[in-house]
K.L.:
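Right, I'll just put the structure down here and ask away after.
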Amino acid sequence: MSFPVSRPRRLRRTAALRRLVAETRLSVDDLVAPLFVREGIDEPQPVASLPGVVQHTRASLRAEVSALRGLGVPAVILFGIPEEKDAVGSEAWNPDGVVQVALRDLRDEVGDEMVLMADLCVDEYTDHGHCGVLDSHGSVDNDATLELYARAAVAQAEAGADVTAPSGMMDGQVAAIRGALDDAGHVDTVILAYAAKYASALYGPFRDAVDVQIVGGGDRRGYQQDPPNAREAIIEIMADVDQGADMVMVKPALSYLDVIAEARAVVDVPLAAYHVSGEYAMVQAAAANGWLDGDAVGMEHLLSIRRAGADFILTYLARRAAEILQG
Ligand code: PBG
């Protein structure tokens with residue numbers, strides 16, 4: 001009787017063997033928690049399409065970040081919901097705007113023990129819901145928008161952000177922000193570029209979380225990437241690295257694992273992936289119906305994003321995953 005030469009199952013026999021030969025590991029160090037902070041509310045507001053996620057008050061945000069620190073999560077990324085929105089999104093660079101105030105609170109709360117990131121865009125701050133200023137035809141004016149991003153980046157840095165993360169997909173945004181930060185003396189502020197960000201239907205629940213409706217039922221297909229294109233993602237990523245991005249991101253994650261793998265092959269800067277609101281919501285909805293084990297599927301999602309090549313993951317599962325990883 002002949003035996004196959006290779007018997008890979010030998011290495012799967014016990015949990016200890018499997019642990020020893022695991023090619024990919026997911027650690028609490030790989031997690032970034034996205035958090036929403038809303039101006040002018042007294043109680044945290046649940047987000048119906050994101051069970052377990054809330055719009056925070058200043059106080060509840062502090063408490064959440066403190067809990068995340070206790071679990072060992074190294075970083076958070078903030079999104080703000082202002083009381084007043086206008087055509088250009090001026091609350092995004094108001095020194096007393098909701099995210100700037102929250103950044104100061106959190107720096108006071110955690111010192112340098114956590115990395116404080118701020119999403120940099122104006123869609124949460126504009127009354128039309130687009131990621132930039134509109135021209136006379138109602139489309140987003142790329143170069144006029146760069147000036148707004150530059151102001152917001154400096155405001156975030158001044159409020160204490162370690163990392164500013166431009167998510168608007170304007171051409172030249174990283175160079176514009178780097179220049180403005182350097183001119184203002186913020187040479188140490190890190191730029192995490194949402195470099196390959198697709199025009200995805202998976203952002204639906206996020207838009208509930210930030211109270212954004214795009215005017216006239218519009219979309220972001222004129223500036224975010226088209227889902228069929230993977231090579232174009234590499235052009236975007238290389239452009240952002242050339243402009244001075246310290247770290248780059250692919251978003252969403254699971255439908256774009258090929259893009260993550262390709263990005264990992266071509267850049268050596270830290271690579272992030274965003275497990276977005278729709279990816280989280282699908283797992284929560286199925287788990288609530290008893291159709292799958294939400295914790296197990298969630299951890300498998302995160303592991304697969306690491307296996308594709310991402311160094312760290314922005315995920316609404318951060319707190320739960322940290323609890324599971326801490327055992
Ligand atoms: C733009 C921004 C969006 C997300 C992160 N930054 C929304 C968009 O581009 O429409 C989506 C994140 C998610 O779905 O979890 N400020």
Side-chain angles (χ1 to χ4, degrees), residues 31-38 47-55 76-82 85 88-89 91-93 97-99 117-133 140 145 148-149 152-153 156 161 163-170 173 177 191-215 217-227 236 248-256 272-285 298 301-302 305 310 313-319:
L31 304 173
V32 181
L35 298 172
F36 302 99
V37 57
R38 180 167 173 179
V47 181
S49 52
L50 286 175
V53 174
V54 300
Q55 297 174 331
V76 297
I77 182 162
L78 299 186
F79 297 89
I81 305 111
K85 305 193 185 206
V88 291
E91 284 301 299
W93 58 87
V98 58
V99 160
M117 304 185 176
D119 181 82
L120 170 48
C121 196
V122 291
D123 61 321
E124 294 94 1
Y125 301 92
T126 53
D127 49 19
H128 47 74
H130 274 294
C131 294
V133 59
V140 175
T145 298
L148 312 186
Y149 289 1
Q156 292 176 348
V163 180
T164 183
S167 63
M169 291 298 282
M170 295 303 122
Q173 62 184 13
I177 291 163
I191 297 178
L192 164 59
Y194 286 70
K197 174 171 175 179
Y198 285 87
S200 172
L202 289 161
Y203 308 148
F206 173 94
R207 294 190 190 149
D208 292 341
V210 291
D211 291 339
V212 169
Q213 281 104 37
I214 303 175
V215 68
D219 58 47
R220 305 204 196 293
R221 291 180 184 277
Y223 39 104
Q224 297 180 347
Q225 271 193 254
D226 205 17
E236 286 278 6
V248 292
M249 196 197 305
V250 174
K251 174 185 175 195
L254 293 180
S255 303
Y256 300 87
Y274 201 143
H275 184 252
V276 299
S277 57
E279 299 177 284
Y280 172 87
M282 287 193 287
V283 178
Q284 301 304 313
H301 277 193
L302 299 181
I305 296 164
I313 308 167
L314 287 70
T315 172
Y316 304 96
L317 291 166
R319 183 168 177 166

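Just so you know, these numbers use all the heavy atoms, side chains as well, and skip hydrogens, waters and symmetry mates. Both ligands and their constituent atoms are indexed starting at 1 by order of listing. Residues take their numbers from the sequence shown, with the count starting at 1.
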K.L.:
Would you mind listing which atoms of ligand 1 come within a distance below 4.0 Å of any non-hydrogen atom of Cys121?
P.N.:
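Those qualifying, in numeric order: 16 (N).
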K.L.:
Measure from the side-chain N and O atoms of Gln284 to the backbone N and O of Ser49, and report whether any donor-acceptor pair falls under 3.5 Å.
P.N.:
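Between the backbone of Ser49 and the side chain of Gln284 there is no qualifying donor-acceptor contact (under 3.5 Å).
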K.L.:
Between Thr315 and Ala33 (side chain of the first, backbone of the second, donor and acceptor by atom type, cut-off under 3.5 Å), is there such a pair?
P.N.:
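No, the answer is negative, given that no donor and acceptor are paired below the 3.5 Å cut-off.
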K.L.:
For Ile305 and Ala253, which heavy atoms make the closest approach, and how far apart are they?
P.N.:
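In terms of heavy atoms, the two residues are closest at CD1-CB, 3.5 Å.
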K.L.:
For atom 11 (C) of ligand 1, what's the nearest protein heavy-atom neighbour? Residue, atom name and distance, please.
P.N.:
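The closest one turns out to be Lys251 NZ, 2.9 Å.
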K.L.:
Which ligand 1 atoms, with their elements, are less than 4.0 angstrom from a heavy-atom of Asp119?
P.N.:
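Those atoms are 6 (N), 16 (N).
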K.L.:
Nearest protein heavy-atom contact for atom 8 (C) of ligand 1: which residue, which atom, what distance?
P.N.:
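So the nearest neighbour among protein heavy atoms is Arg220 NE, 3.4 Å.
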K.L.:
With the threshold set at under 4.0 angstrom, would you say Glu124 reaches ligand 1 through any of its heavy atoms?
P.N.:
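The answer is yes, since Glu124 has a heavy atom less than 4.0 Å from ligand 1.
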K.L.:
Would you say Gln173's side chain and Tyr149's backbone share a donor-acceptor pair under 3.5 angstrom?
P.N.:
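Absent.
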K.L.:
Which of the listed options, Tyr198, Tyr280, Phe206, Tyr223, holds the heavy atom that is closest to atom 12 (C) of ligand 1?
P.N.:
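Checking each option, the heavy atom nearest atom 12 (C) of ligand 1 is found in Phe206.
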K.L.:
Distance to 0.1 Å, residue and atom name: give those for the protein heavy atom nearest to atom 2 (C) of ligand 1.
P.N.:
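I find the closest protein heavy atom is Lys197 NZ, 3.1 Å.
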K.L.:
Restricting to non-hydrogen atoms, name the atom on Val88 and the atom on Thr126 that form the minimum distance, rounded to 0.1 Å.
P.N.:
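The pair with the smallest heavy-atom distance is C-CG2, 3.8 Å.
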K.L.:
Check step by step if side chain to side chain contact (heavy atoms under 4.5 Å, CB included) holds for Arg38 and Asp211.
P.N.:
CA-CA 10 Å; Arg38 180 167 173 179; Asp211 291 339; 3.5 Å; yes
K.L.:
Indicate, as side chain, backbone, both or neither, the part of Tyr274 found under 4.0 angstrom from ligand 1 when only non-hydrogen atoms are considered.
P.N.:
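It is the side chain that gets close, since no backbone atom is under 4.0 Å.
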K.L.:
Could you point out which residue of Arg221, Arg220, Gln225 forms a side-chain hydrogen bond (donor to acceptor under 3.5 Å, both in side chains) with Tyr223?
P.N.:
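With Tyr223 as partner, side-chain hydrogen bond (donor to acceptor under 3.5 Å, both in side chains) holds for just one option, Arg220.
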K.L.:
Identify the closest protein heavy atom to atom 14 (O) of ligand 1: which residue and atom is it, and at what distance?
P.N.:
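For this ligand atom, the closest protein heavy atom is Ser277 OG, 2.7 Å.
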K.L.:
Using ring-ring contact (aromatic ring centres under 6.0 Å, His included) as the criterion, point out the one residue from Tyr316, Phe206, Tyr203 that pairs with Phe79.
P.N.:
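Only match with Phe79 under ring-ring contact (aromatic ring centres under 6.0 Å, His included): Phe206.
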K.L.:
Starting from atom 16 (N) of ligand 1, what is the nearest protein heavy atom, named by residue and atom, and what distance separates them?
P.N.:
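So the nearest neighbour among protein heavy atoms is Asp123 OD1, 2.8 Å.
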K.L.:
Please list, in number order, the atoms of ligand 1 under 4.0 Å from a heavy atom of Gln224.
P.N.:
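The atoms of ligand 1 under 4.0 Å from a heavy atom of Gln224 are 8 (C), 9 (O).
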K.L.:
What atoms of ligand 1 come within less than 4.0 Å of a heavy atom belonging to Phe79?
P.N.:
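Contacts of ligand 1 toward Phe79, numbered from 1: 5 (C), 6 (N).
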K.L.:
What is the closest protein heavy atom to atom 10 (O) of ligand 1, and at what distance does it sit?
P.N.:
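Atom 10 (O) of ligand 1 sits closest to the protein heavy atom Arg207 NH2, 2.6 Å.
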K.L.:
Output, in order, the C-alpha distance, side-chain angles, deciding distance and verdict of side chain to side chain contact (heavy atoms under 4.5 Å, CB included) for Tyr274 and Lys197.
P.N.:
CA-CA 9 Å; Tyr274 201 143; Lys197 174 171 175 179; over 6 Å; no
